[in-house]
Amino acid sequence: MNIRDIARLAGVSVSTVSKVMNGKDKDIGEETKKRVLKIIEEEHYVPYFKFREKEGLKSHLIGLILKRSNRERENIVFGAEQEARRQGYGLIVSYVDEEEEIEEIVDGMIKKKTEGLLIDSGKRIPGGALENAIVYLNQTQKFDERQKAVFYYRLSEAGRLAVERLVEAGHQKIACIIRLNDKSILDGYRLAMQRNNLQCSKVWTYEGNSIEDIEKYGIPQCLSEDVTAVVCGSQEIACCVCKWMERSRTVIPDELSVITIGDGKLLEILGCGITAVKLPGENMSCDAAGYLIHMLQEEKQAEVMRKFSPVLKERNSIVHPPQEKQGGKIIVVGSLNMDVTIEVSRIPVNGETQLAKKVYVFPGGKGGNQAVGVGKLGGQVYMIGCLGNDMDGKQLYSSLMENHVHMDGVLLDRLLPSGKAYINVDEKGESAIVVYPGANRKLSVTQINRCKYLFQNAKYCLLSLEIPSEIAEYTIKLCKRNHTEVILKPSASDKIREDLLKDIAYFVPNEKELDTFVPGDKSLEEKAGILREKGIETVIVTRGSRGCYLRNRELSMYFEGTGFEPVDTTGGADSFISALAVYLSEGRDIVQSIGFAIYASGISVTRYGVQPALPDRKAVDIYKEEIHFRYSDGEKGSK
Ligand code: RIB
């Protein structure tokens, strides 16, 4: 608005307006003068402060000083602006990075002739000429009692409300991921968890210093802890959670309920809509602006404190939690390979060339197979391993993901290709394997340490030796510290240090591997006995189609095989170990667990490849009664 606009609106010339403004208005009629003044007043024609002062006109301007870090700043500006305009006032907004800058901005606002101020601060600010015309805005109840007018809401209340909503839907395992400067949300979360007598594991909460930090570390940490719901501190965090869920092919809300603090348009379009706790920034500033203007008009000093409450904005991201997985957590540390399976009439010997009947390429690797095995049988499984950043790596990653394996512990190495296994399978289904470790070699102590949180309440760790032996040894020690029982498959072996054998709960070699560990002519029972003497708690020797042998403190016992016709025995032991771990993790005894494992591996070897051949729970449960009858009630084999 300039002098020409005023002249146009008043229907007079620019020089008439100028004369009125400058008091040289003797020759101007009273009515014209009044009309010009009225328009100046209505339009808040600010550059003419002196004139206005002289005429006793008010600026009709209020100031808003906001911290740039205030997460509700857009809504606060919007609310204050709307109300100011409704009441015929203008709003000047200034942002500060630090509380200390506010005083200087206040001075500037006084110079701009603002009549009153809305200030985002928990401390009383010396207001000079505007001392009695300040209303404070706040996100907590922590403010200087000497402040006079305070309009506030509590961010912690939003955290509390979010948890209450999830608890009402039946959730107990609730994560909370926030930015560092939103700590109050976490206070509210903790309070609500406590009030509902809910345990709150350390790894369920994350305070990130940037959204990248949250995406990289916070989300994998919190969401791999088998939580059923998550409180996201902001819309951006909710976006990252959705992205993560999409990548891991898990569904909101069926597998994870989500609620976000702070509402916005983005939440309407994410998934089927994300439920939010709407913060009252807009209402609060609208009310505060109205109150400030009222103070100015009535020339009143105010001493008022007004509290605003966050409200729920229901969408479609909260449902009852999914049924809990029955068993405890199982970690797999091992190899991930792409298997090239070559069907031959018999395994080639020195100097021989053979023509292959068929060649297949399947995802494999002992670690990968075991993880997929557990996932298919309904266990809670977390993989730690290393892949190459190549096509094989991508295919292996997908195969594990599709089978419900948590993949936060898997890294892609930029230099080495993914591991490969070249497998000859003969007509009887027997196999011989050559492994190229590739990226599996890159599994490091740093990577294991990055996944330490996974071990905290893990029941079992499945370990195989196609990874560097120092990593296997480090993992054994870490498991010991966390009371996680190690189930070790001593394949491709490098031997394990003797002093660590006592920290292995289950040692599962095949007969050849047993001979490597205990060479000589002794019987299988004797060799298993020797390993027990070295400190291993339970030795299970797998014997292919002939079943297995168990030796522990109480039992020395053979288990028969299933009698199923094998076509490809590759990965039979991986299938056995994953099924054993799943049953043990559900609290079954060793005999029942071995029975279940024999059938799972018996089924797997009737199919080609490993990961596609591993049975799901239904396929094994068909034999439930038979398993019970054979191994628990009747022919348990010889003791
Ligand atoms: O146990 C079978 C596995 O051993 C194969 O999948 C192959 O990759 C090797 O690691």
Side-chain angles (χ1 to χ4, degrees), residues 332-343 347 359-376 383-388 390 392-393 395-397 399-400 403 405 410 416-426 429-443 462-469 471-472 487-494 508-514 516 540-545 548 566-581 597 600-615:
V332 180
V333 180
S335 61
L336 295 152
N337 299 330
M338 191 51 85
D339 291 354
V340 181
T341 302
I342 308 163
E343 252 187 80
I347 310 289
V359 176
Y360 314 92
V361 180
F362 290 120
K366 296 210 158 42
N369 298 342
Q370 291 170 3
V372 168
V374 174
K376 282 191 170 180
M383 179 76 208
I384 300 179
C386 218
L387 287 167
D390 49 19
D392 286 346
Q395 217 182 315
L396 281 156
Y397 197 94
S399 175
L400 269 73
N403 289 297
V405 180
V410 175
L416 287 178
S418 299
K420 287 185 188 41
Y422 299 92
I423 307 171
N424 290 320
V425 180
D426 71 13
E430 294 301 330
S431 62
I433 307 179
V434 177
V435 171
Y436 162 69
N440 291 304
R441 276 207 198 106
K442 286 297 190 79
L443 187 55
L462 312 188
L463 193 61
S464 47
L465 300 180
E466 285 172 359
I467 53 170
S469 56
I471 303 302
I487 304 183
L488 179 77
K489 167 76 181 159
S491 53
S493 154
D494 274 0
V508 193
N510 60 26
E511 286 165 292
K512 277 209 187 87
E513 290 156 354
L514 179 70
T516 315
I540 303 167
V541 185
T542 54
R543 304 171 67 227
S545 57
C548 71
V567 295
D568 178 0
T569 57
T570 320
D574 300 332
S575 176
F576 180 94
I577 287 173
S578 49
L580 179 80
S601 73
I603 295 169
S604 80
V605 298
T606 60
R607 307 163 177 178
Y608 283 101
V610 187
Q611 289 181 21
L614 293 163

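Numbering of ligands and ligand atoms starts at 1, following listing order. Just so you know, these numbers use all the heavy atoms, side chains as well, and skip hydrogens, waters and symmetry mates.
- The side chain to side chain donor-acceptor pair (under 3.5 Å) with Ser418 is formed by just one residue from the set Asp390, Asn337, Asp392, Asn440; it is Asp390.
- Here the straight-line distance linking atom CD of Gln370 with atom CG of Leu614 works out to 10.0 Å at 0.5 Å rounding.
- Looking at Ser335, its side chain never comes within 3.5 Å of a backbone N or O of Gly365 through a donor-acceptor pair.
- None of Val508, Val374, Thr542 except one satisfies the side chain to side chain contact (heavy atoms under 4.5 Å, CB included) rule with Ile577; the exception is Val508.
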Give every pair formed by an N or O atom of ligand 1 and a protein N or O atom closer than 3.5 Å, one pair per line with both atom names and the distance to 0.1 Å, or write none.
from	atom 1	to	atom 2	distance (Å)
ligand 1	1 (O)	Lys366	NZ	3.2
ligand 1	1 (O)	Asp574	OD2	2.6
ligand 1	4 (O)	Lys366	NZ	2.8
ligand 1	6 (O)	Asp339	OD1	3.3
ligand 1	6 (O)	Asp339	OD2	2.4
ligand 1	6 (O)	Gly365	N	3.0
ligand 1	6 (O)	Asn369	ND2	3.0
ligand 1	8 (O)	Asn337	ND2	3.1
ligand 1	8 (O)	Asp339	OD1	2.6
ligand 1	8 (O)	Gly365	N	2.9
ligand 1	10 (O)	Asn337	ND2	3.1
ligand 1	10 (O)	Lys366	N	3.4
ligand 1	10 (O)	Glu466	OE1	2.7
ligand 1	10 (O)	Glu466	OE2	2.9

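- Paired with Asn424 under the rule side chain to side chain contact (heavy atoms under 4.5 Å, CB included), one option of Ile433, Val340, Ile342, Thr341 passes, and it is Ile342.
- Without hydrogens or angle criteria, Ser604 side chain to Ser601 main chain gives a donor-acceptor distance under 3.5 Å.
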